[in-house]
Structures are given as C-alpha cells and as structure tokens.
Colleague: 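I have a structure I would like to understand better, so I am pasting it below and will then ask my questions one at a time.
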Amino acid sequence: MMALFGTDGVRGLANGVLTADLALSLAQATAVVLGQGRSAEARRAEGRRAKAVIARDPRISGDFLGAAVAAGLASSGVDVYDAGVIPTPALAFLVNDFDADFGVMISASHNPAHDNGIKIFAHGGIKLPDVVEERIERYLERPKLLPTGGDVGRIARFADAEDRYVLHLLGTLPARLDGIHVVIDCANGAASGVSPQMFADAGAKVTVIGADPDGLNINDGVGSTHLDGLADTVVALGADVGIAHDGDADRCLAVDAAGRTIDGDQIMAILAASLHERGMLAADTLVATVMSNLGLKIAMEERGIRVLQTAVGDRYVLEAMNRDGYSLGGEQSGHVIMNEHSTTGDGLLTGLQIVGEMARTGKSLAELASIMTVLPQTMINVTGVDKSRVDDEGVQSAVAAVAAELGDTGRVLLRPSGTEALVRVMVEAADEKTAHDAAERLAQVVRDRLAL
C-alpha cells in the first residue's frame, strides 16, 4: 500500500485523503502497535487497560476525526482521555506527565482549514521513528484487537489538561515578565485559549490577535506564516515583542519592537548563546537542519558552539538530540526543542523563553538577535512537478554548477517537501540578487526536467 505517514504524521484533505474510516483504522492499528508496550503490559498485569490521550486543534473536521480516533482506540480496549482543543506540545507533555501509553493529536499544523492530520506520540511523549510508523501502516490490513464486554475502553474528558500544561511552562521561566508588552498571534488555532493566559500569568502586558477560531479561519492570514499583521500591531502599539504561533502551536516566530521578523534560526541563536553562557548547553552543541541559514553556523562557531545538522523535520532533530544527549535544537520555521522542558517542538515554551531572556538580560529582542547575521536566502516552492525525481541527472548537474559558482560565500539546497506536492529550491548567497537569480535558474530547471 502507499505510504501514509509523511514528515509530520498523516496529513491531507479532511474527508478526502483523511476520512473517518482511515482515522478509525489508524487508531485501531496504533492500539495494536503501541498499546502492547511495557507500560501497557504493566497496567494489564494490574487489571487495568492501556490508556491514551487525544487532542485536536479547532478545525471543524477535528470533531469527526477526533470521534473516529476515540472510537477506534476504545474499541481496541484502550481508555481514552480527551483533552479537547490544546496545542500539540501540550498533548506531548500530557502523554509523559500522565504516564499514558501513547497520544494522538489531530491537527494539520500550519496547513489551511480544509486539511487535517493525525500525529502520534509514543510513551513518554516522543514522536514516532519511521520504523514504528511503518509497523502501524502494516497493521492497517491486519486483524484488530476488538475486545468485548468489560474489556472495551472508556472515553473520558481530561479535565485539568490545560492547567497541568500551563503550570509546567511557567515553571521553566528564568525571570518574570513584568513590564514587558507582548503581542501574541494565535493563528486562530490551538493556542488561542492557553497562550494569552500563560503570558499574563507570567506578568507580561498582553495584547492578543488571531485568537477567535471558528473552525474555518485557522492560519487564515494570521499566525507564523503571515507575520505582517503581528508586525503592524507591535509597531502601532509600541509593544516590546510579538510572538506568533501556527495552528497547533508547535512552532514560534517573533517580531521585534520595530516589526522585524526574528525567525527560528535567530531564536535558536539567542537561546543557544544564553544556555552556553550559563553552562546549560549540553556538549556546547546546537542541533539544526540543513535548511538553517549559514549565518547561524557562523555565529555559533564564533561563540564556541558546534552546529550539528540533520535532515529537515523536527523529528530528525529530536532523534539526534535524544541519541547524543543534546539539549537544544530546532528548525528555521520555528520548531524549537528544549529537551530539559519538552519532548517536542513547543511554540509556547519557545515564546516564553525568548521573552524570559529579554527579562533576564534587560535587552531588547533586536539586541539579542544581533548576535547572528542572516545571509540573504531565497526559497522557491516549485509545484506541478514530480517530487520523487529530484535525483534527475540534469537537475543535480544544475545544482552542482550553482554551488560551484557560490563557493564558500553561499550554498544550495534542493529537496522534495515531506508534507506537500512540491520541490523546495533554496539558495543562500552574500547578497540578495545573487541568491534570487540563482534560485530562479534552478527552479526553472526543476520545472523543465520534472514536469508532470
């Protein structure tokens, strides 16, 4: 069968690719694969059932998909604790804090409202490695558990889910945020209820935009993929900083007091430098992906910090961090992982730590971000092509030619998207025109050589 899992779970058009039938079947297969672990076995030995936490973002399709997932798990003998609408990192935290056997998040993150997705977290609140996702796919076509009588699972509301998460986040702060004016853009998504309250509880003066979800407006002109409104609000109000989440709040971008974007690379530079200064950066290493700006590597090396690069996807960053015990990693897109406090990318934690660093040092966000010079970078998403053929000889020859032209002053990256039907062409160079012209040339080669 065709692979279902992409870079970040199963994602697609709700009721198109991602139907209630598929959601139920995925839940039943997950119950077989993840509901048989050591924690579940220990529960059964004590006469209890395996347990799972589920949550969703506020898309309207989350209602029927959540019901299907809950039904699939309960029909497999798993007790289900429904946390309602909460951020993805909150679900990951709760799986660990509640000692659940696994968790299921129903969200398509930064995608538009008509899409949805299913992300699965194993015991401990960690994302699944490829091999486990492949096992779940295989079990879609195998017999289900289907207990009867008193052995079926129960479905209950996880009443204090949000409070547990907020208290955990507030406990990570290096300093209170009194006197700092923060504008928060919640992307009309899962952070709309929790993020503003968390910042207010931390002492900040809070202005909120993009926090009126209606099930259809998630990511619609707001959030981390649309920063103009946040920047305008920060400047108009004379606020100190703006924080932007995406639909499920597993990422965070920021704007400074002048409305300038502070991306994930700059955020990682700020946090890495702070942790390094305080002797808290494990092995003096930051884990980033191949998409991170060359300027990040240069800035970190100047401060004695090594940058370890992985494939694109926060799951691969996390795998490297867990394998070698590193404490900080992330992506340019704003997925930032702080292993001391979270098992996955957490946009609320990241935003809190950025503003906390402002409070701790007394510096503006612009001052903190100035430790890194961002090299001009052009990204072109090429659609209407066969992304499976990026190894085409003509395409790779063109990539090599541009890389040779740039030499040590820039770099080229060409990769198929893990979540969308397109090929990404990225070029960094010493100036914007060079980066733009080179990226346009490569994008045209991709269009010509990989046309459908």
Side-chain angles (χ1 to χ4, degrees), residues 86-87 89-90 92-94 97 160-186 190-211 224 230 233-235 237-245 249-260 262 264 266-281 327-328 330 334 336-343 345-371:
I86 59 171
F93 165 76
L94 291 168
D97 189 60
D160 64 341
E162 190 172 292
D163 291 340
R164 285 192 188 211
Y165 176 56
V166 170
L167 287 173
H168 161 68
L169 292 180
L170 292 174
T172 71
L173 262 182
R176 280 188 57 81
L177 310 184
D178 302 287
I180 299 178
H181 186 180
V182 184
V183 180
I184 304 169
D185 185 345
C186 298
S192 296
V194 61
S195 188
Q197 187 59 53
M198 178 193 68
F199 275 96
D201 288 346
K205 176 183 177 181
V206 177
T207 298
V208 186
I209 64 175
S224 61
L230 176 62
T233 304
V234 168
V235 172
L237 296 179
D240 299 298
V241 58
I243 297 296
H245 302 302
D250 64 352
R251 68 171 70 180
C252 167
L253 295 180
V255 299
D256 66 17
R260 291 181 294 254
I262 306 299
Q266 294 166 287
I267 289 169
M268 288 190 289
I270 292 168
L271 297 180
S274 174
L275 292 172
H276 182 64
E277 174 191 324
R278 293 180 282 154
M280 299 170 63
L281 184 65
S327 55
L328 179 67
V336 177
I337 304 164
M338 304 184 75
N339 256 356
E340 181 182 355
H341 307 303
S342 180
T343 60
D346 190 329
L348 280 77
L349 173 65
T350 302
L352 201 61
Q353 293 299 313
I354 295 166
V355 184
E357 187 63 9
M358 293 170 62
R360 186 184 76 85
T361 62
K363 294 181 178 180
S364 69
L365 182 57
E367 289 178 284
L368 292 173
S370 67
I371 66 171

Colleague: Between CG of Leu253 and OG1 of Thr350, what distance do you get to the nearest 0.5 Å?
Modeller: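 So the gap between those two atoms works out to 10.0 Å.
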
Colleague: Please list, chain by chain and in numerical order, all residues satisfying salt bridge (Lys or Arg N to Asp or Glu O under 4.0 Å) with Asp178, sequence neighbours excluded.
Modeller: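 For Asp178 the salt bridge (Lys or Arg N to Asp or Glu O under 4.0 Å) partners, ignoring immediate neighbours, are Arg176.
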
Colleague: With His245 as reference, evaluate Ser224, Ser192, Ser195 under the side-chain hydrogen bond (donor to acceptor under 3.5 Å, both in side chains) test and give the passing residue.
Modeller: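 Result for side-chain hydrogen bond (donor to acceptor under 3.5 Å, both in side chains) with His245: Ser195.
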
Colleague: Return the set of residues passing side chain to side chain contact (heavy atoms under 4.5 Å, CB included) with Ala269 (not counting sequence neighbours), or none when no residue passes.
Modeller: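 Applying side chain to side chain contact (heavy atoms under 4.5 Å, CB included) to Ala269 gives Leu296, Met300, Ile371, Met372.
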
Colleague: For Gly356 and Leu173, work out which heavy atoms get closest and say how close.
Modeller: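 Minimum heavy-atom separation between Gly356 and Leu173: CA-CD2, 4.1 Å.
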
Colleague: So does Glu357 get a backbone contact from the side chain of Thr361, meaning a donor-acceptor N/O pair under 3.5 Å?
Modeller: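 Confirmed, Thr361 side chain pairs with Glu357 backbone.
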
Colleague: Using 0.5 Å steps for rounding, measure from the CG atom of Leu349 to the CE atom of Met198.
Modeller: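 Between Leu349 CG and Met198 CE, I get 8.0 Å after rounding to 0.5 Å.
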
Colleague: Could you state the interatomic distance from CD1 (Ile337) to CG (Leu271), rounded to the nearest 0.5 Å?
Modeller: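 Rounded to the nearest 0.5 Å, the CD1-CG separation comes out at 12.5 Å.
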
Colleague: State which residues pass ring pair (Phe, Tyr, Trp, His ring centres under 6.0 Å) with Phe93; sequence neighbours excluded, sorted by chain then number.
Modeller: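 Result, ring pair (Phe, Tyr, Trp, His ring centres under 6.0 Å) vs Phe93: His168.
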
Colleague: Going by heavy atoms in the side chains, are Ile267 and Ile262 under 4.5 Å from each other?
Modeller: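 Touching, per the 4.5 Å side-chain cut-off.
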
Colleague: Heavy-atom distance under 4.5 Å between the side chains of Leu352 and Leu177, does that happen here?
Modeller: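 Yes, close enough: below the 4.5 Å cut-off.
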
Colleague: Which pair of heavy atoms, one from Leu348 and one from Tyr165, lies closest together, and at what distance?
Modeller: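 The pair with the smallest heavy-atom distance is CB-OH, 3.7 Å.
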
Colleague: Kindly write out the residues that satisfy salt bridge (Lys or Arg N to Asp or Glu O under 4.0 Å) with Asp346, not counting sequence neighbours, or none if the list is empty.
Modeller: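 Expected list: none.
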
Colleague: Taking all atoms of both residues into account, what is the closest heavy-atom pair of Cys186 and Ala191, and its distance?
Modeller: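 Smallest heavy-atom distance, with atoms named: SG-O, 3.7 Å.
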
Colleague: With sequence neighbours excluded, tell me which residues meet salt bridge (Lys or Arg N to Asp or Glu O under 4.0 Å) with Arg260.
Modeller: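 Asp256.
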
Colleague: Side chains of Val194 and Val166, heavy atoms from C-beta outward: is any pair under 4.5 Å?
Modeller: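 Val194 reaches Val166 side chain to side chain.
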
Colleague: Sequence neighbours left out, what passes side chain to side chain contact (heavy atoms under 4.5 Å, CB included) with Glu277? Give chain and number order.
Modeller: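 Partners of Glu277 under the side chain to side chain contact (heavy atoms under 4.5 Å, CB included) test: Arg360.
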
Colleague: Could you tell me whether the side chain of Val336 reaches within less than 4.5 Å of the side chain of Leu328, counting heavy atoms only?
Modeller: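 Counting from C-beta outward, Leu328 and Val336 do come under 4.5 Å.
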
Colleague: Closest approach of Ala272 and Leu281, non-hydrogen atoms and distance?
Modeller: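 The pair with the smallest heavy-atom distance is O-CD2, 3.9 Å.
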
Colleague: Is there a side-chain contact between Gln266 and Leu368, using heavy atoms and a 4.5 Å cut-off?
Modeller: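 Counting from C-beta outward, Gln266 and Leu368 never come under 4.5 Å.
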
Colleague: Please report the shortest heavy-atom distance between Thr343 and Ala92, naming the atom on each side.
Modeller: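 Of all heavy-atom pairs spanning Thr343 and Ala92, the closest is OG1-CB, 3.7 Å.
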
Colleague: Within the structure provided, determine whether Glu340 and Met280 are in side-chain contact (heavy-atom separation under 4.5 Å).
Modeller: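 Heavy-atom side-chain distance check passes, below 4.5 Å.
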
Colleague: Taking all non-hydrogen atoms of both residues into account, name the closest pair between Arg278 and Pro174 and its distance.
Modeller: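 Smallest interatomic distance, heavy atoms only, reads NH1-CB, 4.3 Å.
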
Colleague: Nearest 0.5 Å, please: how far is CD1 in Ile184 from CD1 in Ile243?
Modeller: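 Taking CD1 in Ile243 and CD1 in Ile184, the distance rounds to 7.5 Å.
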
Colleague: Quick check against the 3.5 Å criterion: does Asp240 have a side-chain atom that pairs as donor or acceptor with the backbone of His181?
Modeller: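 Side chain of Asp240 to backbone of His181, a donor-acceptor pair under 3.5 Å: yes, one is there.
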
Colleague: Under 3.5 Å, is there a donor-acceptor pair between the side chain of Gln353 and the main chain of Thr172?
Modeller: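 Yes, Gln353 side chain to Thr172 backbone: donor-acceptor pair under 3.5 Å.
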
Colleague: Under a 4.5 Å cut-off applied to non-hydrogen side-chain atoms, are Leu365 and Ile270 in contact?
Modeller: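 Leu365 reaches Ile270 side chain to side chain.
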
Colleague: To the nearest 0.5 Å, tell me how far Leu169 CG sits from Arg164 CZ.
Modeller: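 Rounded to the nearest 0.5 Å, the CG-CZ separation comes to 14.0 Å.
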
